[in-house]
Enquirer: 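The structure that follows is given in the form of structure tokens.
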Amino acid sequence: MMEQEQERLLDEATAVVKEQAFYMKRAIDNENIRDALKHASNMICELRTSLLSPKNYYDLYMQVFQELQHLAGFFTERQRHSRKMSDLYESVQHAGNILPRLYLLITVGASYIKSKEAPAKDILKDMTELCKGVQHPMRGLFLRYYLTQMCKDKLPDTGSEYESEEGGSVNDAFDFLLTNFTEATRLWARIQHSGSAKERQRRERERHDLRVLVGANLVRLSQLEGMTRDFYADVALPKILEEMASTKDTMAQQYLLDCIIQVFSDECHLRTLDQFLSACMRVLPSVDLKPILVNLMKRLANFVSANPDAVPEGVDIFGLFRRHLNELIDRPVPAPPPATAPGATAINGPTDRGSQVDPSGLLELQVAFLTFTLTLYPERVDYVDLILGSTVTLLSRIYGSPSGPGVATNGKDKEASGGGGEGGPKRKLEGKGVDSVVELLATPLKSLSLSILEMDHYTNLMKFLNFRTRKQVAISMVRTVLAAGTPLDEPDAVQRFFSFITPLIRDEEDSPLDEEVDAEEFASEQQQVCRLIHAIRHDDTDQVFAMYTTARNAFGKGGPRRMVHTLPPTVAAALQLIPRIQQREIDAASGIEGVAPPSYTLKKVFQFVHRTCTELVSCAPEVALRLFLQAAVMANKCDAINPGSFEPICYEFVTQALVCYEEELSDSRAQFQGILMMVGTLSSHVTCLEPDNYDTLAANITQHGAKLLKKPDQCRAILVCSHLFWNNPLRRNPQRVLECLQKALKIADVAIQSSPAHVALFVEILDKYIYYYEQENHHITVSYISHLMELCNEQVTYADEDSMTEPRKNFNATLNYLKKKKAQLPPDAKYAELDLDKLSTSTLNNGVGS
Amino acid sequence: MGSNFTDFGDLVLLIGDFHIPQRASEMPSCFQELLYPTDKIRHVLCTGNVGSKAVLEQLKALGNLHIVKGDMDTGFDFPETKVVHIGDFKVGLIHGHQVIPWGDREALSYWQRKLDCDVLVSGHTHKDSVAEVQGKFFINPGSATGAFQSFCNEVVPSFMLMAVQGPNIVLYVYQEKEGKASVVMSELTMKRDT
């Protein structure tokens, strides 16, 4: 109903304005000044209403304003009315009603100034004074606006045509605008008190829309030619700020601060930064300083980046902002502020929302300050640290100090632990503030990378976050290092880095319980951590090893679930370092200039590997076994260069692999694979062992093979073990090979009793015989092969289940292989005695798709 | 090297022994640049030792993945061997730690017969190689990351691409040399038994 009523009122007023304007223009056309003034006055009378809302009043004002321009034009054309401007100026003051009187006065006054028949400053001053006659807030505000609009191009500004001895100077122009600004501000502030309390909210919204009427004065002020930086700093700003402070109106203060930033130049702001920031600290607590300061920082950042020389000498931008922001942080927590401008979140000091103190506004401001600082001072790690330090101070006041023992919470009982008194953040940060703190931590990481390690407050700030968020920050630190390809090349930095990423490295008070952890996510995080090991690089092996040791010590605190991920890369890295250390030992011993013997010797590194593998035995036995074997091969390599020195180490490592097998591997598949790995290592890559030691190990492994639970596994393991006695050139024992094969045959014989499918084993044994026969193991004769082939043939021919398909295929493949050997030119003499014909028909006929 | 393989028709990627993150942080960036923008790879034959699920997922994204279990794939449930038909070829896949002595030609021949394949792809030695023995092909794509292997002296990161057309295989061997991917092409032709 309000809307409709408003619409109707506006329509009615518009109709009158149009009508009177029509008569006014007709009078102007007839050069009848009296009628023109009369109708103009009638038209202006419509603006006397108190019923229209600010928005509708503005519409009406704009119509009147447009129409009055005709009148102003008429006044300026002297020849058309042939009156002296002073007479006109006098005569309009006889209008009966104050509002039309003043509008007309201004209209004439503007033309009067233009005519230069009297000094501009006198007319301006006179009009300014007379306008005080209207004290109704809205009518007065619009009248002031009209005054500014009409006179803005007729000021005695520096260099303007109106500037002269009598006409006045920039000081007069400034006084005129400032006075109008002051009056307008007061009237504007008073609008909030007009009308009923019920509609206050809407009125405030509409009042907000009228702010440009006040700002217009500041805009014009900023455009004054005479507004030099000195004038701004010494005269203009102090007065504007004084006026702003005296309004005691939140919306006005908020708007004026913002307006000052917008309309005046960045050079001006740089010059008056301290003044301006100090004024910000003195505004009403309900003013939201965040958008104002953020705006200021954004503008200064852009400007100073483009014009680095524009900063006046002696102005410490960072220091000024920091001092004033800290002042905000240090404020006592105020009582809840009264309702403020719509949407404003007050940040003048931490605000108290019910019982919960909310630092989020201040935190956002710290984020803006950090971004600003990094733009202006991209290298200043210390500045960033100071900002983080201030943030820690802020949070400590609410959540307790982070440096205590850290009474962290476990998600569920956050509420319960909120009241604890002594050290460590009592509670973790929640809500909007979390994002800001994460940003405060992530932003320097992006631009300063590992320089964050030099900061004192970084980890303290992390402590206010809950475990999950801390972990995310840690992960992004790891990712940043990895993505940048930055080498970790300094032991202290590595040490610090691991302390920074503690949430990934070990359990903390508030780490979730095992069963609450997503296994896949956990693994993927740990794998990122592992990649750090490969980022450790240095020309000096001692430095590298020191860093590995640091990492190893950190990983050692991670518990088995982390160690299964983190220790294997550590071992691999240490092993990889060994050839470099050995080369260094050799170079140092042979007196090559500049090469010092390593402090961390080969033996120390092997001990490190040994200790680390041993740690893995109980939590990841299969991996431990393989790493022991890798270490054995590495020791063997060292021994090849320095014969005899590393045999005991090599033997120890293989022994440990075997012990690990015996004590920890219970799954039959894991056992079989373990034997495979031990045989593969020993038979091909371990050559330094004392004969007795080798024989002991070979015998042990073979025994383990024979003791596997399932017959087929036993059989295959023994076949594999046969290589222990053949492929190692130092311990070739053809007789033991044959024994292995015969033992395998025996086992296969037993196995086939339980299932004819195990005939596959015979084919595999046959293939081993062929292998050794071709390798010229003289204990293996062609008659063994011939015999075995008959045996296989018999089995695969007469058994016809589906399960026989694979063995039959394998047997045919072997048969074809041998036939080729015989058929090739010249035929392989080895197989001359072998008669394949008697086998081939029957088998091939039953063969699958041959 | 160009970064697309458009001229080759369907391609088979032979790759393995990543050991990420146990022994290497990632593939050389020149390899990643070659592999990741392309959609021309039809099959991926991986010799195992991926090291982490992340690597497995990346391989799956490249094409049809066929993978076997490496000695370090203790946490994965891959088969020990696999045979894949590609064009006219039967391609056998095995990691290679089961082939004792490791990398031994005759021992490999035994597995080739056992898998009854024309091409046997294996890894474990971290050294790329291509050989033809009695009309069968033995291919080892090496280690894609150049991962440490204690019995090797120096490991050069490598992988292979294989284009199969009728009885012919064109094989491209990629090696990382000083940060750049170098490629050597060879042609293998299968002689059919009559």
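In what follows, chains carry the letters A, B, and so on, assigned in the order in which the sequence lines appear, proteins first and then strands, with residues in each chain numbered from 1.
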Enquirer: Can you tell which part of B/Asp104 gets under 4.5 Å to a heavy atom of chain A, answering side chain, backbone, both or neither?
Expert: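 For B/Asp104, the contact with chain A is made by the side chain alone.
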
Enquirer: Relative to chain B, which of A/Glu622, A/Gln630, A/Met634 shows the most heavy atom pairs under 4.5 Å?
Expert: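 Ranked by contacts with chain B, first place is A/Gln630.
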
Enquirer: Within a strict 4.5 Å, meaning less than it, do heavy atoms of the B/His97 and A/Arg626 side chains meet?
Expert: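 No, side chains not in contact.
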
Enquirer: Run the numbers on A/Asp767 and B/Lys114 for salt bridge (Lys or Arg N to Asp or Glu O under 4.0 Å), then give the verdict.
Expert: CA-CA 9 Å; A/Asp767 281 321; B/Lys114 189 170 155 68; over 6 Å; no

Enquirer: Tell me, for A/Gln673 versus chain B, whether the close heavy atoms (under 4.5 Å) come from the side chain, the backbone, both or neither.
Expert: side chain

Enquirer: Below 4.5 Å from any heavy atom of chain B, which atoms of A/Gln824 appear? Answer side chain, backbone, both or neither.
Expert: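 Side chain only.
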
Enquirer: Students often mix this up, so state it plainly: with edges at 30° and 60°, are the rings of A/His723 and A/Tyr772 parallel, tilted or perpendicular?
Expert: tilted

Enquirer: I need the residue from A/Val571, A/Asn810, A/Val720, A/Ile770 with the largest number of non-hydrogen atom pairs under 4.5 Å to chain B.
Expert: A/Asn810

Enquirer: Taking the six-membered ring of B/Tyr110, is NZ or CZ of A/Lys768 closer than 6.0 Å to its centre and within 45° of its axis?
Expert: yes

Enquirer: If you count heavy atoms of other groups shown closer than 6.0 angstrom to NZ of B/Lys127, is the number above 12?
Expert: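 For B/Lys127, atom NZ is not crowded (no more than 12 foreign heavy atoms under 6.0 Å).
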
Enquirer: What part of B/Cys152 lies closer than 4.5 angstrom to a heavy atom of chain A: side chain, backbone, both or neither?
Expert: backbone

Enquirer: Yes or no on side chain to side chain contact (heavy atoms under 4.5 Å, CB included) for B/Gln149 and B/Trp102, after CA distance, side-chain angles and deciding distance?
Expert: CA-CA 12 Å; B/Gln149 175 63 287; B/Trp102 291 337; over 6 Å; no

Enquirer: If you count the non-hydrogen atoms of other residues, nucleotides and ligands that lie under 6.0 Å from CZ in B/Arg42, is the total more than 12?
Expert: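 No, the 6.0 Å shell around CZ holds no more than 12 heavy atoms from other groups.
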
Enquirer: Between A/Glu764, A/His565, A/Gln526, who has the most heavy-atom pairs with chain B when the cutoff is under 4.5 Å?
Expert: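 Of the candidates given, the most pairs with chain B belong to A/Glu764.
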
Enquirer: Heavy-atom pairs under 4.5 Å with chain A are the metric here; pick the option from B/Ile100, B/Leu115, B/Asp116 that has the most.
Expert: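 Highest number of heavy-atom pairs under 4.5 Å: B/Ile100.
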
Enquirer: Taking the six-membered ring for Trp, are B/Phe159 and B/Phe31 parallel (under 30°), tilted (30 to 60°) or perpendicular (over 60°)?
Expert: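 Plane angle over 60°, so perpendicular.
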
Enquirer: Quick check on A/Ser524 against chain B: is it the side chain, the backbone, both or neither that has a heavy atom closer than 4.5 Å?
Expert: neither

Enquirer: Please determine whether the number of non-hydrogen atoms from other residues, nucleotides or ligands lying under 6.0 Å from atom CD of A/Glu520 exceeds 12.
Expert: no

Enquirer: B/Ala24, B/Ser52, B/Ala54: which one forms the most heavy-atom pairs within less than 4.5 Å of chain A?
Expert: B/Ala24

Enquirer: Which atoms of B/Gln112 are under 4.5 Å from chain A, going by heavy atoms: the side chain, the backbone, both sets, or neither?
Expert: neither

Enquirer: Based on non-hydrogen pairs under 4.5 Å, which of A/Thr681, A/Leu482, A/Val679, A/Thr570 is most in contact with chain B?
Expert: A/Thr681

Enquirer: Quick check on A/Thr566 against chain B: is it the side chain, the backbone, both or neither that has a heavy atom closer than 4.5 Å?
Expert: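 Contact with chain B is absent: no heavy atom of A/Thr566 under 4.5 Å.
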
